[in-house]
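Here's the structure, in structure tokens; my notes come after.
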Amino acid sequence: PRVPPAMGASITLMDAIEKQLGLKLDPIKVPLPVIMVDAVNQKPTDNLADIKKRLGEPEAPTEFEVADVKPTNPDFKRMGIQIQPGGRVNIAGATLKFLIEQAWNVTDEMLIGAPKWLEADRFDIVAKVSTTAGPGAGPQIDIDTLWTMLQSLIKDRFKLAAHMEERPVNAYTLVAVKPKLKKADPTSRTRFTEGPGADGKDPREKNPMLSRLVTCQNMTMAQFAEKLQSIAPGYIHTPVLDSTGLEGSWDFTLSFSAAGLDRIAANAGRGGGGPGNEGGGRGGESAGQISNNAPQASDPSGSVSLFEAIEKQLGLKLEKQKRNAQVLVIDHIEQKPTDN
């Protein structure tokens with residue numbers, strides 16, 4: 001039988017034509033029809049409101065079918081969130097302030113009118129979404145769907161009434177310190193991906209605490225600043241402005257620890273931590289209780305915050321400045337939830 005060539009023994013079309021046929025392909029300039037781009041929008045138009053229905057995809061649930069809400073046993077000192085298969089959620093030892101901040105994606109200073117008990121009283125919540133396919137066959141819930149359903153639960157069981165308004169808050173501006181960026185090939189595609197770059201290097205192999213690794217290709221600093229809120233929502237809650245003054249596009253990778261991962265490691269060292277599959281961040285973040293945007297130094301466990309990673313790996317810096325942003329104002333909330 002014919003043995004296939006070993007990996008790495010492939011031959012290009014150009015070499016094959018020259019070696020096997022004694023011919024050669026020489027590149028020359030010739031006139032050909034080309035496409036001239038007169039205008040194009042980077043952002044596509046919005047999807048149709050019923051697009052999931054038209055595609056036959058199930059709509060993500062917006063509320064729980066049933067939920068058991070009760071005060072946490074004072075002897076239980078941890079906090080955890082567990083999303084189980086089949087649409088069941090277990091939350092243990094969580095303050096209502098933490099849940100509100102995660103569900104509405106706001107920081108401490110973006111939550112206005114919160115009573116003191118909101119960060120003192122802790123609750124356990126066991127809930128599940130509706131299913132007609134039998135036990136364990138419900139829809140799979142992701143972390144963003146969980147926060148949407150918790151909004152409905154908090155409004156219903158704690159009678160939360162709130163509104164959004166614009167107020168000055170601390171926000172981040174990206175500045176250049178000693179840039180360590182590689183100039184991009186302008187003909188390459190602009191993209192952002194999770195995982196290693198073209199060199200295949202993955203720092204997570206040596207340090208698992210670097211739970212996030214992102215690669216940016218042919219990206220301007222303005223595009224990077226705009227994307228930071230979605231790259232690291234556990235750290236960044238408001239839009240980031242670009243003040244680096246760096247022109248052109250760049251290639252770079254960034255590795256950092258999910259927000260709050262340092263505290264999970266510390267709790268694990270003390271025998272703490274919550275239930276398995278703990279999640280606390282939004283988007284790509286997955287950790288226990290979430291950091292409130294304070295730049296932190298490296299943890300002895302090997303944890304590296306987003307702020308330190310940006311400064312040490314990219315030679316850039318996130319600086320706090322006061323800017324207007326949307327905040328959540330609590331008009332009314334009841335300390336005791338309605339009966340189960």
Side-chain angles (χ1 to χ4, degrees), residues 47-72 76 78-107 111 122-160 162 194 211-212 229-237 258-261 263-264 267 273-291 328 337-338 340:
N47 292 321
L48 297 173
D50 60 346
I51 187 65
K52 286 186 177 292
K53 181 179 179 180
R54 292 192 180 199
L55 292 174
E57 296 180 6
E59 292 285 346
T62 58
E63 58 185 26
F64 294 109
E65 178 186 35
V66 63
D68 177 22
V69 182
K70 62 184 180 182
T72 301
F76 184 79
R78 298 169 289 168
M79 192 280 287
I81 297 175
Q82 184 183 54
I83 300 175
Q84 297 180 331
R88 182 184 173 97
V89 173
N90 292 338
I91 298 175
T95 67
L96 210 56
K97 182 179 181 183
F98 170 77
L99 296 178
I100 289 174
E101 288 181 352
Q102 296 310 304
W104 275 267
N105 196 23
V106 296
T107 61
L111 182 61
R122 299 187 302 139
F123 295 92
D124 295 343
I125 300 172
V126 178
K128 74 177 187 71
V129 297
S130 176
T131 174
T132 57
Q140 300 305 307
I141 302 171
D142 61 24
I143 194 70
D144 289 322
T145 302
L146 169 62
W147 299 135
T148 298
M149 293 190 295
L150 277 175
Q151 285 190 17
S152 299
L153 183 144
I154 293 169
K155 289 176 182 178
D156 177 45
R157 301 295 298 274
F158 292 88
K159 304 305 177 185
L160 171 68
E194 294 276 350
S211 57
R212 300 292 311 286
Q229 194 175 355
S230 62
I231 290 175
Y235 291 97
I236 308 293
H237 295 260
L261 198 58
R263 280 193 291 277
I264 285 186
N267 285 339
N277 299 328
E278 293 179 8
R282 303 179 65 91
E285 301 283 315
S286 180
Q289 184 144 346
I290 295 305
S291 155
L328 181 70
T338 57
N340 293 315

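His237 approaches Gln229 most closely through the heavy-atom pair O-NE2, 3.1 Å. When every heavy atom of Met79 is checked against every heavy atom of Gly93, the shortest pair comes out as CG-O, 3.3 Å. When all heavy atoms of Ala67 and Arg157 are compared, the pair lying nearest together is O-NH1, 3.0 Å. Counting all heavy atoms, side chain and backbone alike, Ile81 lies closest to Leu146 at CG2-CD2, 3.7 Å. Of all heavy-atom pairs between Met149 and Val129, the closest is SD-CG1, 3.3 Å. Contact between Ala94 and Ile91 at its shortest, heavy atoms only, is CB-CG2, 3.6 Å.
Under a cut-off of 6.0 angstrom, the local environment of NZ in Lys159 is crowded, with over 12 non-hydrogen atoms contributed by other residues, nucleotides or ligands.
Contact check for Ile100 versus Phe158: no side-chain heavy atoms found under the 4.5 Å cut-off. A 4.5 Å side-chain heavy-atom check between Val66 and Lys128 finds at least one atom pair inside the cut-off. Residues Leu99 and Ile125 form a side-chain contact, since some pair of their non-hydrogen atoms from C-beta on lies under 4.5 Å apart. The shortest distance between side-chain heavy atoms of Leu153 and Val69 falls below 4.5 Å. Side-chain atoms of Glu63 and Gln151, non-hydrogen and from C-beta on, never get closer than 4.5 Å to each other.
Judged by distance alone, the side chain of Arg54 and the main-chain N or O of Leu48 form no donor-acceptor pair under 3.5 Å. Judged purely by atom type and a 3.5 angstrom limit, Arg122 uses its side chain to pair as donor or acceptor with the backbone of Arg78.
A search for side-chain contact (heavy atoms from CB on, under 4.5 Å) contacts involving Asp142 returns Asp144, Thr145, not counting sequence neighbours. By the side chain to side chain donor-acceptor pair (under 3.5 Å) test, Asp68 pairs with Asn340, sequence neighbours left out.
The line from CD1 of Ile141 to CZ of Arg88 is 11.0 Å long, rounded to the nearest 0.5 Å. Note: Ile154 CD1 to Leu96 CG = 5.0 Å, rounded to the nearest 0.5 Å.
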Item checked: Full working for side-chain contact (heavy atoms from CB on, under 4.5 Å) between Glu101 and Leu328 -> CA-CA 9 Å; Glu101 288 181 352; Leu328 181 70; over 6 Å; no
